[in-house]
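Working notes for the structure below.
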Amino acid sequence: TMPLNRKTLCHSSSLVFWACLAIVWLGTLGQRALITPDEGRYATLSLGMLHSGDWITPRLNNLLYFEKPAMQYWAGAIAFKLFGINEFAARFWPGLTGLLTVALVGLTGRKLWSPVAGRNAALVAAGCAWIVGNSHFLTLDAGVTFFLTAALSGFLLAQRDGADTRERLFWNLFMWAAMAGATLSKGLIGILIPGATLALYSLLARDVRPWTRMNWLPGLALFLVLSVPWFVLVSQQNPGFARFFFIHEHFQRFLTTEHRRTGPVWYFVPLLLAGFLPWTTLLPATLRAGWQREPGRFQPHRLLLAWSLFVFVFFSVSGSKLPSYILPMFPALALLLGRELEAMTAPRLARHLIAPALLWLAVLAALPFHARFASAETPPAALHALAVGLGIAAILFLLCAWFAWRALRRGEQGLALAAWALGGFLAVTAGALGHNTFGQLKSSKAVAVAAAPLLTPATPVFSVAMYDQTLPFYLRRPVTLVAYSDEFAFGQAAEPDKSLPDIASFTRRWRELPAAAAMMGPGTFTTLSQDGLPMRVVYRDARRLFVIKPTPPANGAN
């Protein structure tokens with residue numbers, strides 16, 4: 001009876017742990033203002049789709065926008081419909097897909113190797129800084145990483161030794177459907193990363209058998225049925241889509257620096273090391289595990305290594321780099337480490353717990369000096385809130401590390417890993433919440449609070465020689481761009497009447513309108529004020545002002 005009761009208790013405790021983690025994971029999505037540029041951009045795209053009812057043609061700030069496919073916009077629009085127009089709904093899709101990625105990693109490790117390996121892999125993913133952080137920040141990368149992880153998991157489970165014909169068909173179709181989801185999320189990398197990984201694996205493992213066991217005919221049919229219709233429809237409705245999307249947004253983005261997101265070839269090295277916290281010191285063991293041959297014919301370790309290497313190298317040599325681009329390699333690393341931890345002794349694990357604990361102790365020691373970084377654009381209050389958040393993050397991690405250390409001394413590896421992962425998750429979550437005051441310097445939430453009571457639905461709003469991506473979201477309406485192009489160049493060329501090309505056009509329009517509002521930078525405001533343009537400031541901070549056109553005095557007023 002005792003062993004059975006202990007097993008039941010452990011199972012119940014595990015369910016409570018994951019349920020609480022999921023509640024905190026999703027429950028903190030709406031606790032921070034959206035910031036520019038990415039969060040504002042993707043929230044505005046989804047909101048525009050919801051308001052227009054056009055589920056085919058994406059529009060950013062009411063201008064044609066074809067940089068990415070529509071999956072994220074669909075998901076965001078549905079979330080707004082279900083949960084209302086708020087930060088929680090805006091981040092719901094990355095939050096949900098990040099949580100599902102953790103679950104997929106655990107399921108795959110369990111089926112591929114053992115329940116312990118699956119549990120370990122899920123804990124590694126749940127505590128991994130880059131997975132947690134990107135799941136709570138609105139970009140495309142959490143969504144595409146979920147679909148790519150699903151494709152990877154489907155391939156691993158279809159190819160594993162012992163899979164029968166029925167299992168292989170199911171998991172192969174799962175893989176093909178996931179590749180369609182990845183393609184609809186971020187384009188051709190949904191095909192490129194899985195295909196290149198398979199080619200690299202065939203070279204590393206000298207194994208070409210997987211190519212013959214992929215159910216190509218039904219798989220390709222499923223992929224095409226799921227992915228092609230949107231591309232066909234959007235191309236029919238917008239003749240310039242295909243060239244812009246496939247040439248400009250894929251080949252030119254990779255081969256050139258046109259998008260001004262450059263970085264050295266080692267750009268992702270520090271991001272990998274920081275993103276794999278609190279497991280970073282286990283990274284060498286993780287990569288070594290990927291090279292090991294396993295009993296049997298199919299080598300999942302080497303496939304996971306090939307996946308990780310390709311993602312890292314591909315984006316490292318790209319002409320366009322952003323920190324979240326390498327996110328799809330982290331679930332593969334979590335699977336590799338989850339398997340490696342199964343055989344790792346408690347004393348060896350305890351040594352690896354020291355480094356992240358020392359790192360957070362160093363953060364605590366540095367926090368009293370945060371005021372030195374204050375400036376006109378970064379006020380002390382924002383830095384203080386960030387410092388408080390980081391302090392709480394450090395304390396939470398150190399408490400969890402202490403609990404994990406004690407569990408390791410008792411030989412309770414599973415409990416120790418759960419505490420370790422929880423520490424990593426809570427540290428990233430607390431740090432992100434502490435960032436909110438700092439983040440609002442890059443958000444228009446406060447602007448909208450000040451401006452909304454002064455605007456009617458008919459009041460035109462301009463964004464003059466600048467653009468804050470969060471402004472249309474928080475105002476719940478598009479704004480007219482003035483003397484600003486950047487990523488809107490394609491949409492402005494297609495619909496030139498929806499923006500103003502220069503300041504002179506704006507001043508003429510402003511004087512003609514009975515009522516109007518505008519956001520602009522301090523330099524622009526000074527110039528226009530000196531030219532006598534009538535403006536009343538309703539919001540001001542170090543980097544922008546929001547103004548309205550003053551109401552003319554009534555006849556007979558002094």
Side-chain angles (χ1 to χ4, degrees), residues 29-52 59-63 65 73 76-77 79-81 83-92 137-138 377-379 381-382 385 432-433 435-482 484 486 488 498-500 506 510 513 515-522 524-525 535-551:
L29 291 173
Q31 301 306 308
R32 307 182 334 272
L34 300 182
I35 64 175
T36 192
D38 290 337
E39 291 200 303
R41 176 191 300 120
Y42 296 119
T44 300
L45 278 156
S46 294
L47 186 60
M49 188 164 278
L50 176 68
H51 283 166
S52 71
R59 289 179 176 273
L60 176 59
N61 190 40
N62 202 33
L63 290 163
Y65 189 83
Y73 319 147
F80 287 141
K81 186 71 174 178
F83 305 119
I85 301 169
N86 52 59
E87 290 93 346
F88 171 81
R91 294 193 184 101
F92 181 73
F137 188 77
L138 179 53
E377 293 192 359
T378 308
L433 292 175
H435 181 270
N436 186 44
T437 303
F438 184 84
Q440 290 199 43
L441 301 174
K442 299 177 64 179
S443 174
S444 289
K445 185 172 185 176
V447 180
V449 170
L454 305 173
L455 305 177
T456 71
T459 306
V461 181
F462 300 89
S463 186
V464 186
M466 67 170 292
Y467 178 68
D468 186 317
Q469 294 275 13
T470 64
L471 182 61
F473 174 78
Y474 281 115
L475 289 180
R476 307 293 193 255
R477 64 168 82 184
V479 300
T480 300
L481 298 176
V482 178
Y484 186 91
D486 197 52
F488 294 97
K498 290 187 176 181
S499 60
L500 298 177
F506 164 70
W510 183 270
L513 289 167
M519 179 185 278
M520 62 190 68
T524 304
F525 176 77
M535 297 178 290
R536 179 162 72 88
V537 177
V538 297
Y539 178 90
R540 181 198 299 262
D541 61 25
R543 53 183 292 268
R544 66 230 163 140
L545 299 93
F546 194 90
V547 303
I548 62 171
K549 185 175 181 180
T551 304

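Note that these values count all heavy atoms, side chains included, but never hydrogens, waters or copies made by symmetry.
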Could I get the full list of ring pair (Phe, Tyr, Trp, His ring centres under 6.0 Å) partners for Tyr65, not counting sequence neighbours?
-> none

Go through the structure and list residues passing ring pair (Phe, Tyr, Trp, His ring centres under 6.0 Å) with Phe438, not counting sequence neighbours.
-> His435

Should the ring pair Tyr484 and Tyr467 be called parallel, tilted or perpendicular, given that the plane angle runs from 0 to 90° and is split at 30 and 60?
-> tilted

For [Y], does its backbone N or O pair with a side-chain atom of [X] as donor and acceptor, under 3.5 Å?
X	Y	value
Lys81	Leu50	no
Arg59	Ser52	no
Asn61	Thr480	no
Thr470	Ser444	yes
Gln469	Thr36	no

Contact between [X] and [Y] at the side-chain level, heavy atoms closer than 4.5 Å - yes or no?
X	Y	result
Thr459	Arg477	yes
Arg32	Glu87	no
Phe80	Leu47	yes
Ile35	Phe137	yes
Leu34	Arg91	yes
Val464	Phe525	no
Trp510	Leu500	no
Asn62	Pro472	no

Heavy-atom pair of closest approach, residues [X] and [Y]:
X	Y	answer
Leu63	Lys498	CD2-CB, 3.8 Å
Gly521	Met466	N-SD, 3.4 Å
Pro522	Leu545	CA-CD1, 3.5 Å
Gly84	Ala89	O-CB, 3.2 Å
Leu441	Ala382	CD1-CB, 4.1 Å

Between [atom1] on residue [X] and [atom2] on residue [Y], distance to nearest 0.5 Å:
X	Y	atom1	atom2	result
Tyr73	Leu60	OH	CG	8.0 Å
Lys549	Phe462	NZ	CZ	10.0 Å
Thr44	Tyr474	OG1	OH	10.0 Å
Phe88	Gln31	CZ	CD	10.0 Å
Leu138	Ser46	CG	OG	7.0 Å
Thr524	Met519	OG1	CE	12.0 Å

Quick one: salt bridge (Lys or Arg N to Asp or Glu O under 4.0 Å) pairs with a partner in residues 458-472, sequence neighbours left out?
-> Asp468-Arg543, Asp468-Arg544

